[in-house]
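Letters go in sequence order (proteins before strands), and every chain restarts at 1.
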There are 2 protein chains.
Amino acid sequence: MNKTLLELSNELKKNNIRLTHQRLKVLEYLTNSIKHPTVEQIYNALKKEVPSLSKTTIYNTLNYLAELKLIKVLAIDDNEAHFDAVTAEHGHFKCDSCGQIYDFDIDMDSCKTEKLENFIINEKEVYFKGICPGCLSNINLN
Amino acid sequence: MNKTLLELSNELKKNNIRLTHQRLKVLEYLTNSIKHPTVEQIYNALKKEVPSLSKTTIYNTLNYLAELKLIKVLAIDDNEAHFDAVTAEHGHFKCDSCGQIYDFDIDMDSCKTEKLENFIINEKEVYFKGICPGCLSNINLN
DNA sequence: GTTCCTGCAAAAGCTTTGCAGAAGA
DNA sequence: TCTTCTGCAAAGCTTTTGCAGGAAC
């Protein structure tokens with residue numbers, strides 16, 4: 001369940017964060033994307049349409065959204081952060097071969113965990129890594 | 001179940017990686033530590049005993065161990081990598097208040113997950129974040 | 001003696017910060 | 001008009017790389 005552009009926009013307005021042209025474009029790209037883009041990818045995708053756009057503004061916008069918990073920052077990649085407009089609980093699988101990140105359903109409440117009785121848990125991240133089916137079939141063909 | 005210094009040493013020897021004085025000290029520190037240290041922390045802990053030690057050597061050693069899957073690199077912290085000599089499946093909880101990382105038991109096979117039938121999974125990371133009991137009781141006292 | 005390692009310095013890469021001019025409300 | 005934002009340049013950090021001297025075997 002992706003957050004819509006309208007939802008994000010309204011949340012920002014509520015928090016007195018101005019809806020500039022650049023920010024709307026970043027939000028639009030993020031909410032339409034299923035690929036958990038990086039700042040670099042957002043920048044490359046939008047620079048034709050918004051030539052003046054800077055990475056600073058992208059960071060600025062994403063950091064606001066993350067602070068308001070409207071998006072998630074994924075640390076699944078060693079080099080750079082990926083951003084996800086889907087905040088509902090789900091896991092992420094990163095293919096070590098092609099680098100693509102896939103979503104998968106996971107119900108953390110069904111997991112047997114222990115020793116966390118007196119902890120307050122605000123955030124749960126699940127990262128799996130390996131080889132995706134597409135890369136697997138390519139390997140088998142060779 | 002921590003890997004022992006002897007186990008790690010033998011594995012390195014098997015892989016033709018020389019057991020220098022510096023590497024043994026890094027291994028020793030890591031296997032005796034339960035706190036998932038960073039490169040900075042290892043460096044600060046060992047520089048009195050091994051004054052010439054450089055961070056380059058610590059990175060070098062840890063990267064070898066990680067490549068051989070003898071230790072795990074934790075991406076639970078946004079700023080820097082933490083290292084864990086325990087490679088058996090378990091989750092990590094990071095306290096947003098004090099920054100400490102706690103281990104907890106988790107049985108991933110008991111989790112309801114879907115959509116990963118044709119994926120090869122080599123690695124599973126589970127990161128929870130929130131407030132630990134120690135910080136909670138401090139907050140309540142104020 | 002050969003090979004690999006160490007540690008310094010420099011480079012690389014992602015992210016943040018300072019600030020003057022521009023845009024939003 | 002007043003406040004906030006943008007985008008450039010520079011700085012900050014962690015991590016990697018190049019390389020000459022040194023240690024391991």
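- Contact check for B:E11 versus B:L65: no side-chain heavy atoms found under the 4.5 Å cut-off.
- In terms of phosphate contacts, B:Q22 brings no side-chain nitrogen or oxygen within less than 4.0 Å of OP1 or OP2 of C:dC5.
- Rounding to whole angstrom units, CG of residue B:L12 and C1' of C:dC4 are separated by 14 Å.
- Applying the ring pair (Phe, Tyr, Trp, His ring centres under 6.0 Å) rule to B:H92 yields the partners B:H36, B:H90; only residues at least two apart in sequence or on another chain are considered.
- Spacing between atom CG of A:L53 and atom C1' of D:dC8 amounts to 13 Å, rounded to whole angstrom units.
- One interatomic measurement links the two molecules: CD1 of A:I58 to P of C:dT16, which rounds to 13 Å at whole-angstrom precision.
- A:Y59 is linked by a ring pair (Phe, Tyr, Trp, His ring centres under 6.0 Å) to nothing, counting only residues two or more places apart in sequence or in another chain.
- Distance CZ (A:R23) to P (D:dT4): 11 Å, rounded to an integer number of Å.
- By the ring pair (Phe, Tyr, Trp, His ring centres under 6.0 Å) test, A:Y64 pairs with no residue at all, sequence neighbours left out.
- A search for disulfide (SG to SG under 2.5 Å) contacts involving A:C132 returns nothing, not counting sequence neighbours.
- One end of the helix from C:dG1-D:dC25 to C:dA25-D:dT1 points its axis 40° away from the other end's axis, with each axis taken from 5 pairs and the angle rounded to 10°.
- The ring pair (Phe, Tyr, Trp, His ring centres under 6.0 Å) test applied to B:Y29 returns no partner, not counting sequence neighbours.
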Return a single string for nucleotides 10-18 of chain D, one symbol per nucleotide in 5' to 3' order, where B is base contact, S is sugar-phosphate-only contact and - is none, cutoff 4.0 angstrom on heavy atoms. ----SBBB-
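- Using a 4.0 Å heavy-atom distance criterion, A:S52 is classed as a sugar-phosphate-only contact.
- Qualifying salt bridge (charged side-chain N to carboxylate O under 4.0 Å, His left out) partners for B:K55, counting only residues two or more places apart in sequence or in other chains: B:E40.
- Checked against side-chain hydrogen bond (donor to acceptor under 3.5 Å, both in side chains), B:D77 has the following partners two or more places apart in sequence or in another chain: B:H82.
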Using the rule given for side chain to side chain contact (heavy atoms under 4.5 Å, CB included), can you reason through A:Q22 versus A:K25, listing the C-alpha separation, both sets of side-chain angles and the distance that settles it, and then say yes or no? CA-CA 5 Å; A:Q22 291 92 329; A:K25 284 294 173 186; 5.8 Å; no
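- Disulfide check for B:C111/A:C111 passes, with the SG atoms closer than 2.5 Å.
- With rounding to whole Å, B:K13 atom NZ is found 14 Å from D:dA24 atom P.
- A heavy atom closer than 4.0 Å to some atom of DNA chain C occurs in no member of residues 44-51 of chain B.
- Once rounded to the nearest 0.5 Å, the distance linking CD of A:Q41 with OG1 of A:T38 reads 3.5 Å.
- At whole-Å resolution of the value, OH in B:Y64 and C1' in C:dT6 are 12 Å apart.
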Readout for nucleotides 20-25 of chain C: B = base within 4.0 Å of protein heavy atom, S = sugar-phosphate only, - = neither; 5' to 3' it is ---BBS
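- Taking all atoms of both residues into account, the shortest heavy-atom contact from A:K72 to A:K124 is NZ-O, 3.5 Å.
- Atom CZ of A:F83 sits about 6.5 Å away from atom CD1 of A:I42, to the nearest 0.5 Å.
- Note on residues 97-126 of chain B: pairs passing ring pair (Phe, Tyr, Trp, His ring centres under 6.0 Å), not counting sequence neighbours, are A:F93-B:F119, A:Y102-B:F119, A:F119-B:Y102, B:F104-B:F128.
- The nearest whole Å value for the distance from the CD1 atom in A:I17 to the P atom in D:dT3 is 18 Å.
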